[in-house]
Amino acid sequence: MTLHIINQSPLGGSALQDCLGSFVEGDALLLIEDAVYAAASPAEHKLPQGQVFALAADAQARGVTLAQAVTGIDETAWVDLCVAHTPIVSWFR
Amino acid sequence: MTLHIINQSPLGGSALQDCLGSFVEGDALLLIEDAVYAAASPAEHKLPQGQVFALAADAQARGVTLAQAVTGIDETAWVDLCVAHTPIVSWFR
Amino acid sequence: MAKSILALCRHAPYGNALAREGLEAILACAAMDQVPSVLFSGDGVYQLLEQDPVAINEKSLRRNLQALPMFGIEHIHVCRKSADARGIAADTLQLAGAEIVLLADTGPFIRGFDQVLSF
Amino acid sequence: MAKSILALCRHAPYGNALAREGLEAILACAAMDQVPSVLFSGDGVYQLLEQDPVAINEKSLRRNLQALPMFGIEHIHVCRKSADARGIAADTLQLAGAEIVLLADTGPFIRGFDQVLSF
Amino acid sequence: MQFTLVVYGAPHSSEGAATALRFARAALATGHSIYRVFFYADGVHNGSALAAPPQDEQDLLGQWQSLQQSHALDLTVCIAAAQRRGLLSESEANRLEKPSANLADGFTLAGLGQLAEAAAVSDRLISFGG
Amino acid sequence: MQFTLVVYGAPHSSEGAATALRFARAALATGHSIYRVFFYADGVHNGSALAAPPQDEQDLLGQWQSLQQSHALDLTVCIAAAQRRGLLSESEANRLEKPSANLADGFTLAGLGQLAEAAAVSDRLISFGG
């Protein structure tokens, strides 16, 4: 099952929308860098239910409060996610 | 009257949408680089009526056929547009 | 006569350098007595949120923002549509020493300037 | 056993270097006998259009694309939704020596690979 | 009319620098003048003396330098943006105790004040995104 | 598990390089190994010996070099992407007749084959966008 990683803000570019078009149930979604803005309102951005993560450090840096449906993780948990998933797809710029 | 210059593809980023939100009747719109993809279907991308230009070289490079509502121009005509307008606003990335 | 200058800030902080380098350019203009007006639009409105970037080893860009009033920039213009689209309530936007001016229509505002610096 | 590799190409040609450098990486992988599968998605589908970049002093990226079959990449996968959204008719997409495979759903396809290179 | 060009894009990374060159040539060819080209953000890499693109790709550095020589163009690179990105003149390299310098001939390092001043006095300012 | 990291972002331009460093440290701290860090596109600027960020900004070059030394990290910079962008080793500078070199200690220039090989043999490949 795929781990999708997005680093672009939800309205600033197409990365999130492109990713959601390739998301399959059972995949995991990780929001990093500017993508954490989507983690404040997952329903509005049509994020999948469950298996949605965000880097806590990136959210904290930007003053973003994670919605309950999004699991905040640190870098170690990110490594674990990578171990548990294959392939890992980055959606950027 | 403002000259708005956009260089980002219509679906790849928010530059075109952001620009259209600041467009006032009488302003001019110039599509350059990846933004010329919008010039193939101006209605679909909600481009204004009239005063819409595209750099012909950039469109030709990408195999984009300009719709009739879009005026293809060369770099010299671009300079003229800049002389005729103020301010000049670039919407990029 | 010197031209009037608008700085248009459209990018979120930290993800790339444009937000930081935009604020630095604005402060430099102001320090040179070419005080620009400033408009936050698109993802640029995210620059106005509270920030705590210690965990990503960055300096807070809010600091640079807070310096604007000291350089004579006392009005911070914000595109209301951009804030609304990002779920940012207008009354949560505050900057000590500055007045937040929400613009319903940025087009006529932009037209009033001679030069626009985009960041 | 060597991992299976997918190259995911999401960016338009010429505006930035990712399209060009993506194709170069794909050719390099293929030359090393790590022949990747290739998927054009998002703005990446624009790479498949005819191009004539002489006027902007660039080399045509179609040339690099046309080299793919010679390196054993005989199937070019294209996200159908992306092509549709950009008004690109599927039957206009052609590449000599290669078969254009339109994917209605890219997610299960991506899942089939061990590694994904994003460009 | 006097133009100032602000370049945000690095050569061979985004198209902005090449587009700026096309615009600059057209402006000069039609009798306008260019007050300054200001390289900011990733645009500072336009001033690298070390860029070595393949033979069949355009030589943007050579194009800037040739315009600079024929029209006494003011090519100013923002010194703060350049330091962060590793673009240094001889004197900056010495001052910062770095092993070498890479600022190309024809380009000058200067502060952001040069952008402010150019915006204030030029007839038109146009930005080329990265 | 063996990871390969592909870095597309230049330091101080986009956040990708800093994020890659955070990931690399976490992976190494939890007992995984890093087969290779491959710097591609604008990511090649991570290997610049001349970057001089302000004192109060993080020193990404120093962080890469320190990880390299403590874990014998393979920091490979794509030679073709580097040449276009003006990042040269001593021998490349000589060969291309350029006035100086700027590749930092700890980084190696190599071809795209090193990316292909790393993708083929690593357990996981993860890309950090620019």
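Naming convention: chains lettered A, B, ... in sequence-line order (proteins, then strands); numbering from 1 in each chain.
Ranked by heavy-atom pairs under 4.5 Å with chain A, the first of D:Leu117, D:Leu6, D:Val116, D:Leu103 is D:Val116.
Aromatic pair D:Phe119/D:His11: centroids not less than 6.0 angstrom apart. Aromatic rings of A:His4 and A:Phe23 (six-membered ring for Trp) have centroids within the 6.0 Å cut-off, being under it.
If you measure heavy-atom distances from D:Asn16 to chain A, the contacts under 4.5 Å come from the side chain alone. Residue contact with chain A, scored on non-hydrogen atoms closer than 4.5 Å, involves the side chain of D:Arg10 exclusively. Interface residue D:Leu8: only side-chain heavy atoms are found under 4.5 Å from chain A.
Side chain to side chain, A:Thr86 and D:Asp114 fail the donor-acceptor criterion of an N or O pair below 3.5 Å.
The only member of A:Asp27, A:Val24, A:Leu29 that meets side-chain contact (heavy atoms from CB on, under 4.5 Å) when paired with A:Thr2 is A:Asp27.
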